[in-house]
Amino acid sequence: MAIRIIVLLGAPGSGKGTTAEKIRDRLGAVHLSTGDMLRAAVQAGTPTGREADACMKKGELVPDDVMVRLVEDRLDEGAAATLYLLDGFPRTTAQARLLETCLTARGGSIARVVFLDAPRDVLIDRLTGRRICRQCGMNFHVRNIPPRKEGVCDACGGELYQRPDDNRETIENRLDVYASQTSDLIDLYTKRGLLSRVDSAQGADALAEEVASIVQPE
Ligand code: ADP
Ligand code: ZN
């Protein structure tokens, strides 16, 4: 058995991270979020983190070579037969090609690409209202998924914060970057017969169920 990949593809706010967290255990999959990996690198002050910080603050993409190194290192840490839920990667056609090369070298493959599709106004609403637990990373939303106590995580009691790139101006830029650099991947993976589209404007639980049924049909 070799590495198998499920790519979660979609704009910022489309629910990639939330969905991955909801379904990873039952799939026996490892959730790889490149955004989370970069934020950890920024926190730790590594050279990669220092390079990524400025890009992320502006809502620009981190250079492809940096991203591929990051993902490749992580794939090599796991067991050979691991199933990965890739969230936030690939994000450019160059990254898609580099991922292909990296998988071919390891005898791995992409099992499915799930495109989480939602209109721009839904994405903006989700991102502007998003709050995240500092301790356990759980996601909330000021109106859609409010915590029982304002500013406090239901799961662990940790403090909720707003990501620095979840401000209106940076959100608009991230959505534009997605439209110009990432949305081409929809075509690319459709042509390869790997893409399934889901309506990600539905509730988080229903979305997770639909994605799970696509990637694990039995
Ligand atoms: P979102 O999808 O909501 O923008 P992420 O946490 O996935 O949030 O990504 C946050 C930021 O991290 C991006 O705006 C970008 O700067 C950087 N990033 C994450 N993944 C990649 C990637 N594959 N290539 C380049 N930059 C990335
Ligand atoms: Zn928490």
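Start at 1 and go down the list; that is how both ligands and their atoms are numbered. Because only heavy atoms are used, hydrogens play no part in the values below, and waters and symmetry mates are left out as well, while side chains stay in.
- Defined by atom type and a distance below 3.5 Å, a donor-acceptor pair is present between the side-chain atoms of Arg112 and Ser196.
- When SG of Cys136 and SG of Cys156 are joined through the Zn ion (ligand 2), the resulting angle is 120° to the nearest 10°.
- Residue Lys58 places every heavy atom at 4.0 Å or more from ligand 1.
- In this structure, atom 3 (O) of ligand 1 lies nearest to the protein heavy atom Arg174 NH2, 2.7 Å.
- Taking a 6.0 Å sphere around CZ of Arg148, one finds it holds 12 or fewer heavy atoms contributed by other residues, nucleotides or ligands.
- Remark: Arg134 is positioned above the aromatic ring of Tyr161, its terminal NZ or CZ atom under 6.0 angstrom from the ring centre and at most 45 degrees off the axis.
- For atom 10 (C) of ligand 1, the closest heavy atom belonging to the protein is Arg163 NH2, 3.6 Å.
- Summary of contacts: the protein heavy atom closest to atom 2 (O) of ligand 1 is Arg91 NH2, 2.9 Å.
- Set against the non-hydrogen atoms of Lys16, the atoms of ligand 1 under 4.0 Å away are 2 (O).
- Judged by distance alone, the side chains of Asp117 and Ser14 never bring a donor and an acceptor atom under 3.5 Å apart.
- Inclusion of Leu61 in the set of residues having an N or O under 3.5 Å from an N or O of ligand 1 is not warranted.
- If you number the atoms of ligand 1 from 1 as listed, the ones under 4.0 Å from a heavy atom of Met67 come out as 20 (N), 21 (C), 22 (C), 23 (N), 24 (N), 25 (C).
- Transitive grouping of hydrophobic side chains (ILVMFWY, heavy atoms separated by less than 4.5 Å) brings Leu188 and Val113 into a common cluster.
- Close approach to Glu60 involves these atoms of ligand 1, each under 4.0 Å from a residue heavy atom: 15 (C), 16 (O).
- With hydrogens left out, the protein atom closest to atom 18 (N) of ligand 1 is Leu38 CD1, 3.4 Å, a heavy atom.
- Listed by number with element, the atoms of ligand 1 under 4.0 Å from a non-hydrogen atom of Arg39 are 6 (O), 10 (C).
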Test salt bridge (Lys or Arg N to Asp or Glu O under 4.0 Å) applied to Lys57 and Asp53, step by step: CA-CA 6 Å; Lys57 281 203 178 100; Asp53 196 27; 2.9 Å; yes

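- Under a hydrophobic-cluster definition in which Ile, Leu, Val, Met, Phe, Trp and Tyr are linked whenever side-chain heavy atoms come within less than 4.5 Å, directly or via other members, Leu175 and Val62 are assigned to different clusters.
- With 3.5 Å as the limit, one finds no donor-acceptor pair spanning the side chains of Asp187 and Thr190.
- Scanning all protein heavy atoms for the shortest distance to atom 26 (N) of ligand 1 gives Val62 N, 3.0 Å.
- Between Pro63, Cys55, Gly15, Gly88, it is Gly88 that holds the heavy atom closest to atom 23 (N) of ligand 1.
- In this structure, the protein non-hydrogen atom closest to atom 11 (C) of ligand 1 is Met56 CE, 3.8 Å.
- Interatomic distance, NZ of Lys149 versus CG of Leu160, reported as 10.0 Å (0.5 Å rounding).
- With ligand atoms numbered from 1 in the order given, ligand 1 contributes 19 (C), 20 (N), 21 (C), 23 (N) to contacts under 4.0 Å with heavy atoms of Thr34.
- Here the shortest heavy-atom pairing between Ala2 and Arg106 reads CB-O, 4.2 Å.
- In the vicinity of Gln95, heavy-atom distances shorter than 4.0 Å reach the ligand 1 atoms 22 (C), 23 (N), 24 (N), 25 (C).
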